[in-house]
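Working notes, beginning with the structure itself.
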There are 2 protein chains.
Amino acid sequence: MTLGERSTGGRTHVPSAAERQADPAAPKGRSSGRPSDRHGEILDAALELFATIGYRATTMSQIGDRIGIRGPSLYKHVHSKQEMLVEIMAGMMEELLRRQRAALDAGGDVRERLERITAVHVQYHAEHRYEAFVGHREIDSLEEPERSRILDLRREYESRFRELVQEGREHDVFGASSDRWASYAILDMGIGVSAWYNPSGSVGPDELAATYAEFAVRMLGAGEAEPAPRRSA
Amino acid sequence: MTLGERSTGGRTHVPSAAERQADPAAPKGRSSGRPSDRHGEILDAALELFATIGYRATTMSQIGDRIGIRGPSLYKHVHSKQEMLVEIMAGMMEELLRRQRAALDAGGDVRERLERITAVHVQYHAEHRYEAFVGHREIDSLEEPERSRILDLRREYESRFRELVQEGREHDVFGASSDRWASYAILDMGIGVSAWYNPSGSVGPDELAATYAEFAVRMLGAGEAEPAPRRSA
DNA sequence: CCTACCGATCGGTAGG
DNA sequence: CCTACCGATCGGTAGG
């Protein structure tokens, strides 16, 4: 909850990882201790370790421990440690882009759209803090060409913010200031959420997202025109 | 310059590291290739590597390469790899706190003080992006008890933001919203700067700092009362 | 400041 | 899914 603790990567449990579209072959359904989705289980364990102690610091043996098997046994379900990272990071960026796209497709004026992609950005970083944290921190742990691929996705994601800020400024909805700096500021404050957000706290990701969307809009100098739509995407 | 590149940790040269108060014994003065400040040279090399490829990924041999000696020879000037990280991180946090303290001691109303500590925050993260980047990213690479010590310093640094936001809200200078979230947002957008700022670009750290100080103040809902003092601390 | 080298760790493979 | 193990890396020490 403090800045210091934030940088630790969070210490509560990882949620999600059910909508990871990976696992194209294996059967779905975790919950009971049934044999099924070993691949998904392994990825979840890896994600939690990557997020809390880092990719390089995580050993195959530790990942195995989390699901009750030995390190070498992981290779029956996974090709390599690197491949796990690739799957996690690619899945994360694709999901983020998907949600951003949906937020934009919902239409509305510039200000509404900016609020919406900001809310989506923040909400994801709170709900999927481990994925987001790893996705942001471990890019350089990726080998080429995957690293460049992910970097391209990030650039695309980021450019949507910049374009919207620019559009708003050109239509005098937002005040003047560097579009790039403003969009970076919005992106970075959202990314920061993944480092300190506490899922067992009293506020939900959606409330946080709505507040940050307001921060963004105010930062850009767009006054409180209408009663400020509070929905959080 | 793009979000993607940001996460690489920057690719230009490291500045500074002359004011690192360390090196309490060895003679000062670098510049010519004279024997003198080996310790400082080593720390500079280590910092650049820690920032670009990470602490764990950096080998003693690589650090040696940068100054033209072998890995084992480093131990004549430094006790361990870990000690180098401690020196870098402690020096960074102490400098940041020193500057923040000075910004607060300069007085003024809440809004002025918040602008000033935000500007100082951002300016440092631009000017000393490597120190700041490492200081933020490698906290968990520190062994105890140093890790906890640094974490305490961070908490202190951060609490000054929160206190100021709170003070402004209580005096109705800032609008209502979570003090903690708002201060985190300001802190995080500043930290982000250390990941993407390009020192060879056309804008200086002070201009960026002034812009971000305005972002912060607008985000908090403090209108443009007076002509908005633009000095950047 | 160097070479030689130790001790430990770790990703991944062999071969059941 | 396991044990045994290889090959490579790396921080740090010995001993000049």
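By convention in this document, chain letters (A, B, ...) are assigned in the order of the sequence lines, proteins followed by strands, and residues within each chain are numbered from 1.
- With a 4.5 Å cut-off on side-chain heavy atoms, B:Ile53 and B:Gln62 count as touching.
- Of the residues in residues 54-65 of chain B, those with a non-hydrogen atom less than 4.0 angstrom from any atom of DNA chain D are B:Thr58, B:Thr59, B:Met60.
- Within the 4.5 Å cutoff, side-chain heavy atoms of A:Leu43 are placed close to those of A:Met84.
- By the side-chain hydrogen bond (donor to acceptor under 3.5 Å, both in side chains) test, A:Glu144 pairs with A:Arg147, A:Ser148, sequence neighbours left out.
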Open item on the list: Can you give me the dot-bracket string for DNA chain D, 5' to 3', counting Watson-Crick and G-U wobble pairs with both distances under 3.5 Å, using [ ] for crossing pairs and | for partners on another strand?
Closed with: ||||||||||||||||
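- Under the rule for a ring pair (Phe, Tyr, Trp, His ring centres under 6.0 Å), the partners of B:Phe161 that lie at least two apart in sequence or sit in another chain are B:His121, B:Tyr157.
- Applying the side-chain hydrogen bond (donor to acceptor under 3.5 Å, both in side chains) test to A:Glu83 and every residue at least two apart in sequence or in another chain returns A:His79.
- Rounding to the nearest 0.5 Å gives a distance of 8.5 Å between CG of B:Leu74 and NE2 of B:His77.
- Counting 5' to 3', DNA chain C first comes under 4.0 angstrom of a heavy atom of chain B and last does so at the ends given by C:dC1 to C:dA4.
- The distance from the CZ atom of A:Arg129 to the OG atom of A:Ser194 is 8.5 Å, given to the nearest 0.5 Å.
- A:Glu163 is linked by a side-chain contact (heavy atoms from CB on, under 4.5 Å) to A:Ser159, counting only residues two or more places apart in sequence or in another chain.
- Listed in residue order, the members of residues 70-82 of chain A having a heavy atom less than 4.0 Å from DNA chain C are A:Pro72, A:Tyr75, A:Ser80, A:Lys81.
- For A:Ser141, the side-chain hydrogen bond (donor to acceptor under 3.5 Å, both in side chains) test picks out A:Glu138, with sequence neighbours left out.
- Using a 4.5 Å cut-off on side-chain heavy atoms (C-beta onward), B:Asp188 and A:Ile191 make no contact.
- Looking at residues two or more places apart in sequence or on another chain, you find a side-chain hydrogen bond (donor to acceptor under 3.5 Å, both in side chains) between A:Arg113 and A:Glu167.
- Sorted by first and then second residue, the salt bridge (charged side-chain N to carboxylate O under 4.0 Å, His left out) pairs with a member in residues 54-66 of chain A read A:Glu48-A:Arg66; sequence neighbours excluded.
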